[in-house]
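Just so you know, ligand 1 is whichever comes first in the structure, and atom 1 is the first atom listed for that ligand. The basis for the numbers below is simple: all heavy atoms, side chains too, and nothing from hydrogens, waters or symmetry mates. The structure presented is a predicted model; accordingly, all values stated were derived computationally and were not measured.
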Amino acid sequence: MDAREMKIKAAEAALAHVEDGMRLGIGTGSTAEEFVRLLAEKVAEGLRVEGVPTSERTARLCVELGVPLKSLDELPELDLTIDGADEVDGRLRLIKGGGGALLREKIVASASARMIVIADETKVVETLGAFKLPIEVNPFGLVSTRIAIEKAASRLGLSGGIALRTSGDGTFTTDGGHYILDASFGRIPDADALASNLNDIPGVVEHGLFINMASLAIIAGPAGARTLTAKE
Ligand SMILES: O=C(CO)[C@H](O)[C@H](O)COP(=O)(O)O
């Protein structure tokens, strides 16, 4: 089974959790897009759902495939969000934001009664941090904010490069008009403490640590899909 087939397997298993009439948060990234394609087939067959997309990119795909959309202001409380992840640990803590949609992804997941993560086996880790941690920042005061992040990380014994994300020949800009700093901490032994320290930095709009948000992860490997629930 190749990587795309694994993503489709995870997306198929997630679709089984979608019920008629649900208000859905719809994630961003290649795995979430496989979910959108399968969801669109069910919608064409008569399934009634309304989706809130977590990015302009996801919104475009939903419109193209006929998945009905609403804004989060129109549907402020959602039943279920299905989204991908860059890393998942045994407590279902996540690193997200590889696709740059972390802020809307976190807002939408927070507005949902449940969040299910869909991913392939390569995303499951013992300790978060091999994937560079995306940190969304306000462009104003970028250098000061980067220094504040370095100091906060250093207090937790973390170090590593913090790079401004680029795209093509310019700076990558999120749907919200912010920048992203990708932090190469390597290993984050205390993700909860790092999340709370980052939350305290004014220039940090949001970070890619999703803690206590996912209630289930559907992980696809060569042998098929399995589910992970948070270990105590
Ligand atoms: O957080 C995300 C986007 O901001 C994605 O969910 C994450 O990057 C995983 O993407 P993919 O399914 O393409 O591996």
Side-chain angles (χ1 to χ4, degrees), residues 1-15 24-39 51-62 72 78 80-89 92-112 114-125 128-137 163-167 171-184 188 191 195 198 204-211 213-221 225 228:
M1 204 185 290
D2 66 21
R4 175 153 189 235
E5 287 167 332
M6 286 196 267
K7 290 173 190 186
I8 293 171
K9 277 273 169 259
E12 272 171 359
L15 199 58
L24 289 180
I26 306 179
T28 296
S30 56
T31 317
E33 284 174 7
E34 297 302 348
F35 173 75
V36 172
R37 289 189 188 95
L38 295 171
L39 181 67
V52 173
T54 53
S55 62
E56 299 301 326
R57 171 176 150 184
T58 295
R60 280 193 293 276
L61 183 66
C62 288
L72 190 57
L78 304 173
L80 173 65
T81 286
I82 311 267
D83 202 349
D86 299 300
E87 283 188 348
V88 185
D89 79 2
L92 299 194
R93 296 179 301 183
L94 316 172
I95 286 184
K96 285 186 53 56
L102 62 146
L103 175 60
R104 292 192 186 182
E105 289 173 332
K106 203 177 268 190
I107 294 172
V108 168
S110 299
S112 301
R114 284 192 300 147
M115 177 191 193
I116 297 180
V117 174
I118 49 176
D120 61 79
E121 281 289 355
T122 62
K123 308 290 185 69
V124 180
V125 297
L128 297 175
F131 191 90
K132 291 177 191 168
L133 178 66
I135 304 171
E136 185 158 346
V137 296
L164 182 63
R165 190 178 296 185
T166 55
S167 163
T171 303
F172 177 87
T173 306
T174 67
D175 285 343
H178 308 123
Y179 293 163
I180 291 193
L181 294 171
D182 288 301
S184 303
I188 305 171
L198 291 173
V204 170
V205 178
E206 198 42 89
H207 55 77
L209 289 166
F210 282 49
I211 308 228
M213 300 198 83
S215 51
L216 188 75
I218 299 174
I219 306 296
L228 282 182

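When hydrogens are left out, the protein atom nearest atom 10 (O) of ligand 1 is G29 CA, 4.0 Å; that is the closest non-hydrogen contact. Protein heavy atom closest to atom 5 (C) of ligand 1, with residue, atom name and distance, is T28 O, 3.2 Å.
For T166 and T171, the side-chain atoms include no donor-acceptor pair closer than 3.5 Å. T81 and D83 are not linked by any side-chain donor-acceptor pair at a separation below 3.5 angstrom, with hydrogens and angles left out of the test.
Each of the atoms 6 (O) of ligand 1 lies under 4.0 Å from some heavy atom of D83. Ligand 1 places these atoms under 4.0 Å from at least one heavy atom of G97: 1 (O), 2 (C), 4 (O). Near G100, with a cut-off below 4.0 Å to any heavy atom, the atoms of ligand 1 are 4 (O). Of all atoms in ligand 1, listed by their number and element, those nearer than 4.0 Å to a heavy atom of D86 are 1 (O), 7 (C), 8 (O), 9 (C). The atoms of ligand 1 that sit less than 4.0 Å from any heavy atom of T31 are 11 (P), 12 (O).
Ion pairing between R165 and D182 holds under the 4.0 Å rule for side-chain N and carboxylate O. Remark: E105 engages K96 in a salt bridge, criterion side-chain N to carboxylate O under 4.0 Å. Contact check on R57 versus E33 returns a salt bridge, with a Lys/Arg side-chain nitrogen under 4.0 Å from an Asp/Glu carboxylate oxygen.
Among A119, G99, G84, S30, the residue whose heavy atom lies nearest to atom 11 (P) of ligand 1 is S30. Relative to atom 3 (C) of ligand 1, the option among K96, R104, E105 with the closest non-hydrogen atom is E105.
Taking a 4.0 Å cut-off on heavy atoms, K123 registers as neighbouring ligand 1. Put simply, part of A85 is less than 4.0 Å from ligand 1, judged by heavy atoms.
Polar contact with ligand 1: absent for A32 (N/O pair, distance under 3.5 Å).
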message: The test is salt bridge (Lys or Arg N to Asp or Glu O under 4.0 Å); show your working for K106 and E206 and say whether it passes.
response: CA-CA 8 Å; K106 203 177 268 190; E206 198 42 89; 2.9 Å; yes

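A 4.5 Å side-chain heavy-atom check between D175 and S55 finds at least one atom pair inside the cut-off.
Rounding to the nearest 0.5 angstrom, the gap separating the CE atom in M115 from the CG atom in L92 is 10.0 Å.
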